[in-house]
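Worksheet: the structure to be examined is printed underneath.
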Amino acid sequence: MRTTITVRHCEISEALRARARAVTARLEELSPHALGATVVFDVAPTAHAVEIRLRARGRKMLVGTGEGPDHRTALDRAEDKLRPQLVRAGHTLRRSRRAPSRTS
């Protein structure tokens, strides 16, 4: 899975970039249908913000956002919001849509 990290209005350390890659790798394990991820770090007027966008098969886009006193906390909160979405999406994508086989 390809991961893109974008930083707006701030700078982040290489350790935080590595943590973002690790988070997207953990999320990828939950969904075998994941195609790519984008992690956006931003500074809001009152807090640090992180948004994780995960693209999956079927043109499905799952988004988790988080805010916190620092980017690491915001990243963890975004992951916590995205995890249940992946579990629900995984169940709907795994269902077979094939017609039952006919026995003659």
Side-chain angles (χ1 to χ4, degrees):
M1 179 173 74
R2 182 177 182 174
T3 301
T4 304
I5 299 175
T6 305
V7 182
R8 296 182 189 155
H9 311 293
C10 59
E11 295 196 15
I12 61 170
S13 66
E14 192 57 41
L16 191 57
R17 286 179 191 269
R19 181 159 176 81
R21 285 187 206 100
V23 165
T24 57
R26 279 197 305 263
L27 293 173
E28 180 187 10
E29 291 174 5
L30 288 176
S31 174
H33 304 287
L35 300 175
T38 302
V39 182
V40 180
F41 291 92
D42 198 357
V43 177
T46 58
H48 297 277
V50 175
E51 179 179 83
I52 303 173
R53 296 182 213 139
L54 193 72
R55 291 182 312 277
R57 285 189 199 151
R59 296 186 181 193
K60 195 164 199 151
M61 178 74 73
L62 303 173
V63 179
T65 58
E67 289 188 353
D70 59 359
H71 280 122
R72 185 179 176 123
T73 304
L75 181 63
D76 292 340
R77 289 179 181 168
E79 179 186 10
D80 291 341
K81 288 184 181 179
L82 193 56
R83 189 174 294 274
Q85 293 179 41
L86 280 171
V87 171
R88 282 193 306 267
H91 290 297
T92 59
L93 287 172
R94 286 186 195 129
R95 288 186 188 154
S96 176
R97 295 181 184 226
R98 290 184 272 164
S101 62
R102 295 182 184 186
T103 55
S104 299

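When reading the values below, keep in mind they use all heavy atoms of this one structure, side chains included, and skip hydrogens, waters and symmetry mates.
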[X] side, atom [atom1]; [Y] side, atom [atom2] - distance, nearest 0.5 Å:
X	Y	atom1	atom2	result
Gln85	Ile52	CD	CD1	10.5 Å
His71	Arg17	NE2	CZ	11.0 Å
Arg26	Glu79	CZ	CD	4.0 Å
Leu82	Arg53	CG	CZ	12.0 Å
Glu51	Thr6	CD	OG1	10.0 Å

- List the steps and the verdict of side chain to side chain contact (heavy atoms under 4.5 Å, CB included) for Leu27 and Leu62. CA-CA 11 Å; Leu27 293 173; Leu62 303 173; over 6 Å; no
List the atom of [X], the atom of [Y], and the distance in Å for their closest heavy-atom pair.
X	Y	result
Gly64	Ala78	O-CB, 3.6 Å
Ala49	Glu67	CB-CG, 4.1 Å
Ala74	Gly68	CB-N, 3.8 Å

Name the atoms and distances for all side-chain donor-acceptor pairs under 3.5 Å in residues 8-15, with sequence neighbours left out.
| unit_1 | atom_1 | unit_2 | atom_2 | d |
| --- | --- | --- | --- | --- |
| Ser13 | OG | Leu16 | N | 3.2 |

- Leu35: which other cluster members, linking ILVMFWY side chains closer than 4.5 Å, directly or transitively?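 Leu35 clusters with nothing; isolated.
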Partner residues of [X] under the side-chain hydrogen bond (donor to acceptor under 3.5 Å, both in side chains) criterion, sequence neighbours left out:
X	value
Thr65	none
Thr3	Thr24
Glu28	none
Asp76	Arg19

- Message: With clusters defined by side-chain heavy atoms of hydrophobic residues (ILVMFWY) lying less than 4.5 Å apart, directly or transitively, does Val50 cluster with Met1?
- Response: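 In one cluster with Met1: Val50, yes.
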- Message: Using the rule that Ile, Leu, Val, Met, Phe, Trp and Tyr join whenever any side-chain heavy atoms are under 4.5 Å apart, tell me whether Val40 and Leu54 fall into a single cluster.
- Response: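 Shared cluster, no.
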- Message: What verdict does the side chain to side chain contact (heavy atoms under 4.5 Å, CB included) test give for Ile5 and Arg21, after you've listed the backbone C-alpha separation in whole Å, the side-chain angles of each residue and the deciding distance to 0.1 Å?
- Response: CA-CA 8 Å; Ile5 299 175; Arg21 285 187 206 100; 4.1 Å; yes
